[in-house]
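Here's the structure, in structure tokens; my notes come after.
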Amino acid sequence: MSSGRKVRKNKRNKGPSRRHTRDEEHLSGSETRYWLIKSEPHSRIDGRTGRDLKFSLEDLSLVDSEPWDGVRNHEAKRNMLDMSPGDVCLFYHSNCPTPGIVGLAEVVCYAHPDESQFDRASPYFASKSTRSNPHWWCVDVKFKRRFRAKVTLRSLKADKNLQHMVLVRRSRLSVTPVTSSEYSYIIELEKSLPDTDDIDCQPRLNVSKTHEV
DNA sequence: GCCAACGTTGGC
DNA sequence: GCCAACGTTGGC
């Protein structure tokens, strides 16, 4: 994937031993956990590589699954190391005229080394990473569903029941935990909104659409 | 495009 | 280890 927005070492969380623990938790019936992941729905070209950093919910809906790579913040990385298959992610569109949550994705695997760190042609190349000592990890996610309407950042910030959301308090973190009560509350908010055909961010007004006839 | 918030880097 | 300088995120 892309999305540098997509963002965050701690021995306890690393690698196979942690994975084993989470498997056991699942076998013993642990609850689904919830997260929020950010991505940019509009084209933005990386200066060094010329690659487009865009990755919208619609882009996710067109692939089987997508590695959530390019996250270069240790706290966000730790959050992905804590994820398990079956966890649910609120999918957030950032860096657009109306930022907000536009749908749901599902975690499909435990964290693994982020391949983009080894790829010189990637915007997320990390020169100090080696195969034997990867610095960056990511999970894969798949499309779950699109919201009937966007739950905007503005509405989340204005809601006194959501003042403790990590998204609200730590606005620059691109992968954040969400409590199950925050999750349920946001799903109720979504249900209360009128259905819309297009919940994607509108194009910026000052950008000319070159494809228009 | 501006800029606040915050993360990273590197000199000392 | 401190902290100034710098770079990035991302809302507005």
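Letters A, B, ... are given to chains in the order of the sequence lines, protein chains preceding strands, and every chain is numbered from 1.
Rounded to whole angstrom, the span from the CG atom of A:Leu167 across to the P atom of B:dC6 amounts to 14 Å. Remark: P of C:dC12 and CG of A:Leu156 are 11 Å apart, rounded to the nearest angstrom.
Within the structure, salt bridge (charged side-chain N to carboxylate O under 4.0 Å, His left out) pairs that include any residue of residues 98-113 of chain A comprise A:Glu106-A:Lys144 (at least two apart or interchain). The ring pair (Phe, Tyr, Trp, His ring centres under 6.0 Å) pairs that include a residue from residues 171-197 of chain A are A:Tyr34-A:Tyr183, where partners are two or more places apart or lie in different chains.
Not counting sequence neighbours, A:Arg120 has no partner by the salt bridge (charged side-chain N to carboxylate O under 4.0 Å, His left out) test. Residues passing the side chain to side chain donor-acceptor pair (under 3.5 Å) test with A:Thr196, sequence neighbours excluded: none. Take A:Glu115 and apply the side chain to side chain donor-acceptor pair (under 3.5 Å) test, not counting sequence neighbours, and it matches A:Arg131.
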Protein-nucleotides 7-10 of chain B N/O pairs under 3.5 Å:
residue: B:dG7; atom: OP1; partner: A:Arg170; partner atom: NH2; Å: 3.2

